[in-house]
Q: 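Dumping the structure here so I can ask a few things about it.
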Amino acid sequence: SAAGCSVAQVPVAEGKSVQQTVELLTRKLELLGAEKQGTFCVDCETYHTAASTISSQGQTGKLMYVMHNSEYPLSCFALFESGPCLIADANFDILMVKLKGFFQNAKANKIESRGTRYQYCDFLVKVGTVTMGPSARGISVEVEYCPCVIANDCWNLLMEFMQSFMGNHTPGIPSVFGTKHDSIYSPGDTMVQYMELFNKIRKQQQVPVAGIR
């Protein structure tokens, strides 16, 4: 099991770049006394149902997301937008290549978040730059309260801590918490939150933003 955690997007600060905003956040963490503990990476590849299977079965195409998280180097996560989340071993990637008659990799859609891990008391914080192709598209902040595996028990503590360095960008309670009630939080719940965040960032990119040159 994993400890309860929140994954949220932080908007780019007014007049700043993605990188400068990441630096502002990490500086706040360091001022609180958080210590760097290596790096992390979460990546996500999109697969869509191959055209041949759709036409023969008359179904609408489904998207499947194949994800990796450096915290779980031996696992591979396969998620559908409306659930479920399958946790497989790392050989799953090879299987996907063999299934290319059914699922095709939308390579242009690969998205990842990477950055620095910080430890502060019982919290693990990961501030990441979200990139698609060559460009930085957003910022992710993952905060985990390590001692607690029942998600809803730790939300207030998580929120209080997040407010100390995220201020008014502190997120609301993640939807996976709502469905958990008193059950154990799992690594798959974190990956669902990353999938939702990545999809949100992808959609934001499709809308022309005024004022950005």
Side-chain angles (χ1 to χ4, degrees), residues 2-14 16-32 34 40-44 65 67 69 71 77 79 81-83 85 111-132 136-205 207 209:
C5 102
S6 159
V7 177
Q9 184 183 2
V10 173
V12 176
E14 190 76 33
K16 301 265 188 245
S17 67
V18 167
Q19 206 42 54
Q20 288 168 323
T21 308
V22 166
E23 282 162 16
L24 284 173
L25 276 168
T26 53
R27 203 172 304 138
K28 280 183 187 169
L29 278 168
E30 285 168 9
L31 285 171
L32 282 172
F40 79 96
C41 178
V42 177
D43 66 53
C44 174
Y65 302 97
M67 303 180 69
N69 185 335
E71 291 291 306
F77 301 83
L79 299 89
E81 242 171 325
S82 49
C85 171
I111 188 167
E112 65 173 30
S113 179
R114 55 173 69 233
T116 311
R117 297 164 88 250
Y118 286 88
Q119 183 83 40
Y120 174 74
C121 302
D122 286 331
F123 295 97
L124 184 61
V125 185
K126 297 171 202 164
V127 181
T129 301
V130 179
T131 53
M132 254 182 102
R137 299 296 178 87
I139 300 157
S140 69
V141 175
E142 176 189 340
V143 181
E144 187 177 324
Y145 180 59
C146 302
C148 183
V149 294
I150 306 289
N152 287 327
D153 289 357
C154 64
W155 177 249
N156 289 343
L157 272 169
L158 267 177
M159 197 169 68
E160 205 172 298
F161 171 59
M162 287 189 291
Q163 278 167 344
S164 69
F165 70 99
M166 291 168 77
N168 56 359
H169 300 309
T170 302
I173 190 162
S175 56
V176 289
F177 278 42
T179 53
K180 286 273 151 212
H181 300 301
D182 295 329
S183 56
I184 302 283
Y185 189 90
S186 80
D189 297 321
T190 300
M191 300 312 277
V192 167
Q193 292 189 62
Y194 270 106
M195 175 187 75
E196 289 170 353
L197 175 118
F198 288 159
N199 281 343
K200 193 169 124 190
I201 288 176
R202 269 199 204 96
K203 289 187 179 98
Q204 287 166 351
Q205 295 312 313
V207 180
V209 182

Q: Roughly how far, to the nearest 0.5 Å, is CG of L29 from CD of Q119?
A: 11.5 Å

Q: To the nearest 0.5 Å, what is the distance between CD1 (I111) and CG (D43)?
A: 10.5 Å

Q: Any chance the side chains of S6 and Y145 put a donor and an acceptor closer than 3.5 Å?
A: no

Q: Please report the shortest heavy-atom distance between L197 and S140, naming the atom on each side.
A: CD2-CB, 3.7 Å

Q: Check step by step if side chain to side chain contact (heavy atoms under 4.5 Å, CB included) holds for F123 and E144.
A: CA-CA 6 Å; F123 295 97; E144 187 177 324; over 6 Å; no

Q: Any side-chain heavy atom of Y65 within less than 4.5 Å of one from M191?
A: no

Q: If you round to the nearest 0.5 Å, how far is CG of L79 from SG of C85?
A: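 Rounded to the nearest 0.5 Å, the SG-CG separation comes out at 4.0 Å.
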
Q: Measure across A136 and T129 and return the closest heavy-atom pair with its distance rounded to 0.1 Å.
A: CB-CG2, 3.8 Å

Q: Donor-acceptor pair, D189 side chain versus S186 backbone, under 3.5 Å?
A: yes

Q: Using only atom types and a distance under 3.5 Å, with no angle test, would you say the side chain of Y185 pairs donor to acceptor with the backbone of T190?
A: yes

Q: Does a salt bridge link E23 with K16, judged by any charged N lying under 4.0 Å from a carboxylate O?
A: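 Looking at K16 together with E23, the answer is no, because their closest N to O distance does not fall below 4.0 Å.
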
Q: If you measure from CE on M159 to OG1 on T170, what distance do you get to the nearest 0.5 Å?
A: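 Taking CE in M159 and OG1 in T170, the distance rounds to 8.0 Å.
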
Q: If you look at every heavy atom in F198 and C44, which pair is closest and at what distance?
A: CD1-CB, 3.6 Å

Q: Apply side chain to side chain contact (heavy atoms under 4.5 Å, CB included) to the pair R137 and Q204, showing each step before the final yes or no.
A: CA-CA 9 Å; R137 299 296 178 87; Q204 287 166 351; over 6 Å; no

Q: With side chains defined as the heavy atoms from C-beta onward, is the minimum distance between K126 and E71 less than 4.5 Å?
A: yes

Q: For a side chain to side chain contact (heavy atoms under 4.5 Å, CB included) check, start with the C-alpha distance between V130 and I139, then their side-chain angles and the critical distance, and finish with the verdict.
A: CA-CA 6 Å; V130 179; I139 300 157; 6.0 Å; no

Q: Shortest non-hydrogen contact from V18 to G138?
A: CG1-O, 3.8 Å

Q: Minimum heavy-atom separation for T26 to Y118, with atom names?
A: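 For T26 versus Y118, the nearest heavy atoms are CB-OH, 3.4 Å.
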
Q: Okay, side chain of S113, backbone of V42: is any donor-acceptor separation there less than 3.5 Å?
A: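 The answer is no, because no donor-acceptor pair under 3.5 Å joins these two groups.
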
Q: Using side chain to side chain contact (heavy atoms under 4.5 Å, CB included), reason through L24 and R27 one step at a time and then give a plain yes or no.
A: CA-CA 5 Å; L24 284 173; R27 203 172 304 138; 4.1 Å; yes

Q: Looking at every non-hydrogen atom in both residues, tell me the closest pair between P171 and W155 and how far apart they are.
A: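 Shortest heavy-atom separation between P171 and W155 comes out as O-CZ2, 3.7 Å.
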
Q: Going by the angle between their ring planes, with limits at 30° and 60°, are F165 and F161 parallel, tilted or perpendicular?
A: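 Because their plane-to-plane angle lies in the 30° to 60° range, the rings of F165 and F161 count as tilted.
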
Q: Is the shortest heavy-atom distance from the side chain of V10 to the side chain of L25 under 4.5 Å?
A: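 Yes, close enough: below the 4.5 Å cut-off.
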
Q: Closer than 3.5 angstrom, by distance alone: can the side chain of Q20 be matched with the main-chain N or O of S17 as a donor-acceptor pair?
A: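 Here the side-chain-to-backbone pair exists.
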
Q: Report yes if the side chains of S164 and L32 come closer than 4.5 Å at any heavy-atom pair, otherwise no.
A: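 With C-beta onward as the side chain, the pair touches.
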
Q: Side chains of Q9 and I201, heavy atoms from C-beta outward: is any pair under 4.5 Å?
A: yes

Q: Assess, by modelled atom type and distance only, whether the side chains of Q193 and E142 contain a donor and an acceptor separated by less than 3.5 Å.
A: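 Q193 vs E142: no donor-acceptor pair found between side chains.
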
Q: Would you compute the distance between atom CG of L158 and atom CG of D122 and round it to the nearest 0.5 angstrom?
A: 11.0 Å

Q: So how far is it from Y194 OH to N199 CG, rounded to the nearest 0.5 Å?
A: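 If I round to the nearest 0.5 Å, the distance is 14.5 Å.
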
